[in-house]
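Since the structure is predicted, the reported quantities are computational estimates derived from the model, not experimental observations.
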Amino acid sequence: MTSPKVASLTGTNSLPNKTAATPKRVLLIFGTRPEAIKLCPLVGTLRNISFNVHLEPVVCVTGQHREMLDQVLEIFGVRPDFDLAIMQQGQTLPELTARLLQALPPVLEKVQPSLTIVQGDTTTTLCGALAAFYAGIPVAHVEAGLRTFNFRSPFPEEMNRVLATRLTTLHFAATSGAADHLLREGVPPASIQVTGNTGIDAVLAVRDRLEAGTHSGLTVPLDPARKLIVVTAHRRESFGHGFEKICRAIAQLADRADVQIVWPVHRNPNVLKPVDALLRGHPNITLIDPLEYLPFVDLMRRAYLIITDSGGVQEEAPSLGKPVLVLRDTTERPEAVAAGTVRLVGTDPAKIVAESLYLLDNPAEYRRMSEVHNPYGDGQACGRITQAIASHLSIPLP
């Protein structure tokens, strides 16, 4: 797939110079696949509102992810106005941060937005908020208030989101628990709105397309006679010994004749090396390249059980009725633990195996966990955020 066309920063692109008659511009900055999944539905809502004569959404992607980002843009039909193509092979976090902070100011100068929107907790999130702050532009933070209260877990995401909070004017919290975190940190109550999670808007929209039979893309051979376990893992804190332990647990589960394990393996060498060494060739394990978003949702909806360290999957899978075992010792999404849709198992092989077997062999417990209401939203988050933005910018609602 080809990358989106890089928009010119010299005024020769389709974005006209700002004038007094121009609608108020909202600049959405994102760069990774998870950010795109959660902001593309918002882009669509902002572009489709009937009062768009007063509001112009502008999209800047940093390219912190490349192929995975482009796949999501294509699914949701979002063409960026600016593509910074920032990713370089092997770059460090300081190098990425420095390049982002150099690349973003010209975009802000060209667009002159009334509001800048960032999402989540990536390096793009932090740099987008900081660059906007330096330019005197208010920041809206989608999925604000997530906390583990441990700056090393997840790293560097926990620090990114804490710093982003200090730079933010409008805080869109997915849950009341996230809003409470912000309140305890002294964020003004009037600046916080509980909206639900935009990722649920995305996964429900894709699920409906899949169930209608209009899209799929999943080419993995699945055995309907066996219970499908989907595995994903990529967290830095598990690199090394942690991934070796995860692989040992997965190998033990795969020895059961009644399961099939499918693992879309992250391309990071710290993930690929132990997975290849310990799991490649097992007859009940299918290791595949990372999937595009649409076929991955299709894979999740066909799963019996999902084992992951992904924050997004913790939110999405319950909307599909799938229990989740989380390969982390802490989570910034405690609502799912409290509700019973997910369980923390860390990287301890004995715990991973025991909790998996409990769900594989206990139909009543599996049914209870799969039927719990998703605490992260109802698929209407984008509408709530759009209304809040319109109110903040004094844009008349239809």
Side-chain angles (χ1 to χ4, degrees), residues 32-35 37-39 41 118-122 125 141-162 164-165 171-185 187 192-204 230-238 296-297 300 303 305-347 351-352 355 369-379 381 384-385:
T32 67
R33 167 172 152 157
E35 289 171 294
I37 290 169
K38 294 183 176 182
L39 284 186
V118 297
Q119 188 280 327
D121 48 27
T122 70
T125 306
H141 187 192
V142 175
E143 201 175 14
L146 296 183
R147 298 290 186 270
T148 64
F149 306 102
N150 180 348
F151 288 143
R152 306 301 301 184
S153 178
F155 174 86
E157 289 86 357
E158 178 73 3
M159 181 61 81
N160 288 344
R161 54 194 172 221
V162 169
T165 292
H171 305 261
F172 299 128
T175 67
S176 58
D180 288 342
H181 294 157
L182 297 170
L183 291 170
R184 286 196 292 269
E185 293 175 5
V187 174
I192 304 169
Q193 181 165 338
V194 177
T195 61
N197 195 301
T198 57
I200 305 305
D201 297 33
V203 76
L204 292 179
V230 174
V231 181
T232 75
H234 69 280
R235 291 286 180 185
R236 286 183 177 89
E237 58 264 31
S238 296
F296 182 68
V297 173
M300 284 198 297
L305 169 66
I306 299 175
I307 301 176
T308 186
D309 62 11
S310 164
V313 174
Q314 291 177 56
E315 300 159 348
E316 295 164 345
S319 287
L320 303 173
K322 307 302 176 181
V324 180
L325 300 181
V326 180
L327 299 166
R328 294 169 59 183
D329 296 316
T330 61
T331 181
E332 60 277 31
R333 294 165 173 84
E335 297 89 352
V337 178
T341 61
V342 311
R343 291 177 183 161
L344 296 177
V345 295
T347 60
K351 191 168 186 180
I352 295 170
E355 292 288 356
M369 196 170 177
S370 65
E371 292 176 352
V372 173
H373 172 71
N374 189 345
Y376 294 113
D378 56 4
R384 297 184 186 102
I385 291 171

Separation between CE (M300) and CD1 (I306), nearest 0.5 Å, reads 5.5 Å
Only one of E332, E143, H181 passes side-chain contact (heavy atoms from CB on, under 4.5 Å) with R161, and that residue is E332
Note: G377 and I200 closest approach over all heavy atoms is O-CG2, 3.9 Å
Are any of the side-chain heavy atoms of H141 and T125 separated by less than 4.5 Å? yes
One should read off an interatomic distance between R235 CZ and T347 OG1, to the nearest 0.5 angstrom, of 14.0 Å
Nearest non-hydrogen partners of S319 and V203, listed with the distance: CB-CG1, 4.2 Å
Answer whether the closest heavy-atom distance between the side chains of H171 and V187 falls below 4.5 Å. yes
Rounding to 0.5 Å, atoms CG (L146) and OG1 (T165) come to a distance of 9.0 Å
Indicate the atoms forming the closest heavy-atom contact of T330 with S153, along with that distance. OG1-OG, 3.1 Å
Distance in Å, L344 CG paired with T331 OG1, rounded so as to fall on 0.5 Å steps: 6.0 Å
Would you call R343 and K351 a side-chain contact if the rule is heavy atoms closer than 4.5 Å? no
Counting C-beta onward and ignoring hydrogens, is there a side-chain heavy-atom pair between R328 and T148 closer than 4.5 Å? yes
To the nearest 0.5 Å, what is the distance between CG on L305 and CE on M369? 8.0 Å
Nearest heavy-atom pair of S370 and G321: which atoms, and what distance? CB-O, 3.1 Å
Check each of V324, V372, N374 against T341 using the side-chain contact (heavy atoms from CB on, under 4.5 Å) test, and report the only one that passes. V372
Do T198 and F172 come within less than 4.5 Å of each other through their side chains, counting heavy atoms only? no
Heavy-atom closest pair (G346 atom, D329 atom, distance to 0.1 Å) is CA-OD1, 3.4 Å
Is the closest side-chain heavy-atom distance between E158 and N150 below 4.5 Å? no
Closest approach of L327 to V345 (non-hydrogen atoms, all atoms of both residues): CD2-CG2, 4.1 Å
Using 0.5 Å steps for rounding, measure from the CD atom of E316 to the CG atom of L204. 9.5 Å
Full working for side-chain contact (heavy atoms from CB on, under 4.5 Å) between V118 and E35: CA-CA 8 Å; V118 297; E35 289 171 294; 5.9 Å; no
Please answer whether the main-chain N or O of G199 pairs with a side-chain N or O of Y376 as donor and acceptor at a distance below 3.5 Å. no
Quick test of your reading of the model: are D378 and R384 salt-bridged, counting only N-O distances below 4.0 Å? yes
